[in-house]
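Reading through the structure tokens given below for one structure.
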Amino acid sequence: MDLTHTADEDAFRAEARAWLRAHVPHPPPPSLETAEGFAAHRAWEAELHSGRWSVVAWPEQYGGRGADVFHWLVFEEEYYAAGAPGRVSQNGIGLLAPTLFDHGTQEQRARILPPMASGEVVWAQAWSEPEAGSDLASLRSRGVRTAGGWLLSGQKTWSSRAAFADRAFGLFRTAPDEDRPHRGLTYLMFDLKAPGVTVRPIRRLDGKPAFAELFLDEVFVPDEDVIGEPGQGWRIAMSTTGNERGLMLRSPGRYLAAARRLVGLWRATADPSDTALRDRVADAVIGARAYQLFTCAGASRVAAGSAIGAESSLNKVFWSEYDIALHETALDLLGAEGEPADGRDGWSEGYVFSLAGPIYAGTNEIQRDIIAERLLGLPKGRR
Amino acid sequence: MRFLPTDEQRAFTRSLHTMLRAARPPAAARAWAAGDPAPGRAAWTGLAEAGVFALAVPENHGGLGPLPAELALAFVELGRHAVPGPVVETVAVAALLTALGDPAPAERLLPGIAAGEVMATLRLPGTGPYALDADAATSVLVVDAAPAVPGPGSPGDGGSGSGSGSGSGSDVKGHADASEGAHGGDHARDRNGTGTGTGKGTGDASRPGPKAARPPTLRIAPGHGPVRASADPVRRLSVPQGGGEVLAAGPGVAAAAATAVDWARLATAAQALGTGLALLDRTVEHVGRRAQFGVPIGSFQAVKHRLADTLIALEFARPLVLGAAVSMTRTDIAAAKVAAGEAAYGAARAALQLHGAIGYTEELDLALWLRKARPLRDAWGTPAQCRAAVLRP
Ligand SMILES: Cc1cc2nc3c(=O)[nH]c(=O)nc-3n(C[C@H](O)[C@H](O)[C@H](O)COP(=O)(O)OP(=O)(O)OC[C@H]3O[C@@H](n4cnc5c(N)ncnc54)[C@H](O)[C@@H]3O)c2cc1C
């Protein structure tokens with residue numbers, strides 16, 4: 001059992017730190033959930049890419065550094081410690097790219113990954129539908145076979161940043177007569193500016209137009225934009241939600257940096273006799289360390305050749321609840337200064353965003369079902 | 001980085017698990033609670049033969065250690081199997097004597113600890129008046145933050161020599177944070193002063209305040225007061241008598257006591273983690289078997305989600321415990337103690353609730369783990385004390 005970094009990891013850390021110090025914009029760009037912020041964040045992706053820092057874990061041929069998971073963890077620590085901007089390409093990098101690595105063709109990887117790495121093409125996730133949220137497999141948007149491809153019709157919703165993004169990936173029903181809902185689904189990619197696509201932005205709880213509804217009316221998708229075999233979409237989609245994503249969706253570096261900022265705020269502002277508040281600050285430190293060490297153990301297992309699987313559900317519930325508690329504590333420390341939406345150090349903004357954590361990426365109720373049934377082996381109930 | 005138990009470590013915990021299952025610790029724990037330590041002593045010998053206590057003892061004193069990572073893994077198993085006795089305290093004594101670096105007391109007790117012949121218990125300032133299982137222990141060690149009025153010849157046999165509970169109890173209370181003193185400098189000294197002022201003051205009124213800075217002492221208590229049942233009857237509490245032979249005195253004792261607290265916290269955290277894991281295992285088994293409304297109660301979502309939350313808490317406490325054993329920093333150890341203590345206590349609450357009335361009986365072995373979770377959460381550092389330690393710069 002060992003927690004030391006290799007000399008190479010230390011050198012990598014030093015290199016990342018130096019580059020970030022020279023390049024991270026101050027003050028930070030406007031929120032990436034707005035039109036102007038989106039453009040600024042796209043430019044930041046290009047800058048990251050020019051230093052080959054946008055996708056460190058990818059192979060070099062696609063713009064990465066071939067970094068292993070430990071190097072990736074080091075990079076993420078440095079990234080958040082430097083106060084660098086949020087990642088506008090994260091749904092592409094975190095969700096579509098792993099799917100292409102596992103299930104895509106060589107041609108798809110060569111065509112799609114480099115512009116994703118540079119921010120030239122930003123991707124949106126189009127999975128959810130008005131009638132298909134937690135019960136994603138009940139989705140109804142369909143793909144109908146046509147010469148050389150598919151015609152997509154139906155409605156998708158809650159697609160993050162689709163109002164500004166270039167392309168989207170999602171699941172479509174291509175064989176409507178299968179006996180089980182998750183059969184007959186196909187994983188496809190489409191252009192958000194293609195004829196037949198209507199994008200309607202939806203304002204979120206934070207007032208930002210960062211979600212969108214997508215209306216699709218016979219949108220043509222060529223065969224080269226089908227991922228894997230038609231009809232295999234469910235298996236392909238699920239293999240990447242329970243895999244790298246569990247480890248990589250939220251890196252420990254993010255919470256280590258946030259906990260450090262919280263302690264700083266507490267030392268600067270708190271009444272030392274308020275031990276109730278002190279205990280919550282301590283819990284933020286403890287939680288960030290727990291998440292870091294949990295991830296180190298998971299990374300060590302991945303490096304030793306095992307898959308993560310249903311364990312990623314432990315992760316999801318933990319970080320999403322942790323994030324809310326951390327921000328609540330910050331707001332309590334700030335008092336009246338915590339109320340303005342553009343309040344100090346982004347705590348208020350971060351708080352409102354944290355509230356969505358237990359909902360997206362599979363609600364925490366669904367995660368707890370997965371934990372109970374797959375990790376504890378409890379009997380399946382009605383769902 | 002390879003933050004996983006090695007094959008060797010895995011084999012060690014597996015063999016410990018097999019050995020403990022055969023030793024039937026629940027029966028030993030019940031006998032222990034009834035005042036019959038013989039089966040518990042037999043289990044102790046088995047643990048010593050497996051090398052568990054030697055992990056806390058340096059090689060030059062007959063041990064294999066110090067090997068905190070292996071020790072933490074072993075203590076998870078001790079918790080899982082509800083092993084009775086002052087296991088944590090014996091490890092803490094080993095750490096204290098090792099840190100003290102004084103060859104005479106070290107050579108006197110450490111080889112015996114490694115061999116399983118010494119079953120030690122310990123009371124430090126700031127952790128309450130009681131020592132655990134002093135009636136069964138072969139050596140009862142006490143650190144006094146500042147000795148009572150020194151008598152001629154022996155600095156240890158002063159005012160609290162009656163051995164009555166209240167005398168030494170208030171002595172400890174008066175210095176409620178002496179062990180933290182070694183951690184936290186003037187912070188603790190302030191609270192120390194307050195403690196003296198508001199303490200019960202039995203026989204303490206004329207004593208000089210802590211600012212008089214008398215050196216702390218380590219002594220072997222000559223005996224102990226009456227045994228009081230803890231809420232966990234397997235944990236037998238008594239107040240060590242005053243007086244007895246002084247093994248060491250001076251500021252080194254305070255530093256060594258702080259190290260002993262670290263080891264005690266780590267071992268308790270690991271034991272708590274094992275306790276929580278055992279509670280979860282047993283409860284999962286129960287809810288899969290017990291049927292109501294025609295289906296296993298484990299198919300109800302309220303039941304599932306409670307157990308999922310229990311698993312999350314335990315699975316995030318585990319890397320903290322093992323990480324603390326690797327880093328051995330005071331902050332990591334305190335963090336592990338909070339997380340494992342709270343996770344195990346949460347597991348106990350869930351286990352009781354989901355067993356229903358059968359869980360609220362002494363007959364079911366479940367009670368052995370249920371009743372241990374709360375004291376382990378608080379032993380050697382309450383959650384509040386440990387949270388404060390996490391933030392201490
Ligand atoms: C900020 C944010 C960003 C998002 N981004 C995207 C995106 O980019 N692309 C995309 O496709 N989607 C996105 N989503 C949508 C997200 O994936 C869905 O919100 C999520 O899957 C839940 O679906 P739902 O909202 O329809 O809720 P519902 O499924 O209707 O659930 C409502 C409540 O009922 C509970 N519930 C449902 N079924 C069960 C059950 N069997 N047992 C117990 N409780 C149950 C849920 O847990 C939840 O609490 C985003 C959502 C948010 C909030």
Side-chain angles (χ1 to χ4, degrees), chain A residues 1-6 9 69-70 73-74 263 266-267 272 275-276 278-301 303-304 311 313-318 321-322 364-365 367-373 375-383, chain B residues 1-6 9 69-70 72-73 187 280-281 283-285 287-288 295-301 303-327 331-332 334-339 342 383-384 386-393:
Chain A
M1 241 168 1
D2 150 44
L3 285 168
T4 53
H5 286 291
T6 61
E9 283 159 9
V69 61
F70 298 109
L73 287 168
V74 164
V263 171
W266 174 70
R267 288 202 201 288
T275 52
R278 178 203 66 192
D279 283 357
R280 290 165 57 198
V281 174
D283 282 342
V285 174
I286 294 168
R289 181 69 168 152
Y291 191 64
Q292 178 188 32
L293 292 168
F294 182 93
T295 307
C296 288
S300 300
R301 274 196 299 275
E311 279 165 65
S313 295
L314 297 170
N315 223 29
K316 158 81 213 293
V317 177
F318 185 87
E321 295 192 342
Y322 172 85
N364 285 9
E365 286 73 27
Q367 306 299 342
R368 287 187 173 94
D369 271 3
I370 294 172
I371 292 166
E373 289 169 14
L375 298 178
L376 293 175
L378 292 178
K380 261 192 152 31
R382 253 200 76 215
R383 186 161 49 234
Chain B
M1 182 181 307
R2 192 181 180 282
F3 185 48
L4 290 178
T6 60
Q9 287 167 334
E70 281 74 7
L73 290 166
H187 204 76
L280 178 60
D281 279 353
T283 308
V284 165
E285 203 182 297
V287 303
V295 290
I297 57 173
S299 65
F300 298 132
Q301 212 173 37
V303 170
K304 282 184 180 168
H305 288 195
R306 182 123 192 214
L307 291 175
D309 284 333
T310 304
L311 181 67
I312 292 167
L314 290 166
E315 288 304 334
F316 279 88
R318 187 200 301 268
L320 278 173
V321 170
L322 300 181
V326 171
S327 79
T331 312
D332 272 352
K337 178 70 178 49
V338 174
E342 300 281 28
C386 291
R387 287 187 172 105
V390 165
L391 291 174
R392 201 162 286 141

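In what follows, chains are A, B, ... by sequence order, proteins preceding strands, each numbered from 1.
- Annotation: the span from B/Gln301 atom CD to A/Leu378 atom CG amounts to 11.5 Å, rounded to 0.5 Å.
- The parts of B/Glu315 that come within reach of chain A are both its backbone and its side chain, each placing non-hydrogen atoms under 4.5 angstrom from that chain.
- Both the backbone and the side chain of A/Arg301 come within contact range of chain B, with heavy atoms under 4.5 Å apart.
- To the nearest 0.5 angstrom, B/Ile312 atom CD1 is 7.5 Å from A/Asn364 atom CG.
- Contacts of A/Phe294 with chain B are made by both backbone and side-chain atoms, with heavy-atom separations under 4.5 Å.
- B/Leu322 places none of its side-chain heavy atoms less than 4.5 Å from the side chain of A/Leu293.
- Between B/Arg387 and A/Asp283 there is a salt bridge, since a side-chain N of the basic residue sits under 4.0 Å from a carboxylate O of the acidic one.
- Contact of the A/Arg368 side chain with the B/Lys304 side chain is not registered, since no non-hydrogen atoms from C-beta on lie closer than 4.5 Å.
- At a 4.5 Å heavy-atom cutoff, the contact between A/Ala297 and chain B is made by backbone and side-chain atoms alike.
- In this structure, the separation between CD1 on A/Ile286 and CZ on B/Phe316 is 14.5 Å, given to the nearest 0.5 Å.
- Residue contact with chain A, scored on non-hydrogen atoms closer than 4.5 Å, involves the side chain of B/Val338 exclusively.
- Of the two parts of B/Asp332, only the side chain, counted from C-beta on, holds a non-hydrogen atom closer than 4.5 Å to a non-hydrogen atom of chain A.
- Top candidate by heavy-atom pairs under 4.5 Å with chain A, chosen from B/Asp309, B/Asp281, B/Thr6, is B/Asp309.
- Between the CG atom of B/Leu311 and the CG atom of A/Leu375 there is a distance of 6.0 Å, given to the nearest 0.5 Å.
- The two atoms that bring B/Met1 and A/Asp2 nearest to each other are CG-O, 3.4 Å, heavy atoms only.
- Between B/Phe3 and A/Ser300 the shortest heavy-atom distance is N-OG, 2.9 Å.
- Contact tally against chain A (heavy-atom pairs below 4.5 Å) for B/Pro296, B/Ala384, B/Cys386, B/Ala317: the top residue is B/Ala384.
- Within the 4.5 angstrom heavy-atom criterion, atoms from both the backbone and the side chain of A/Glu365 approach chain B.
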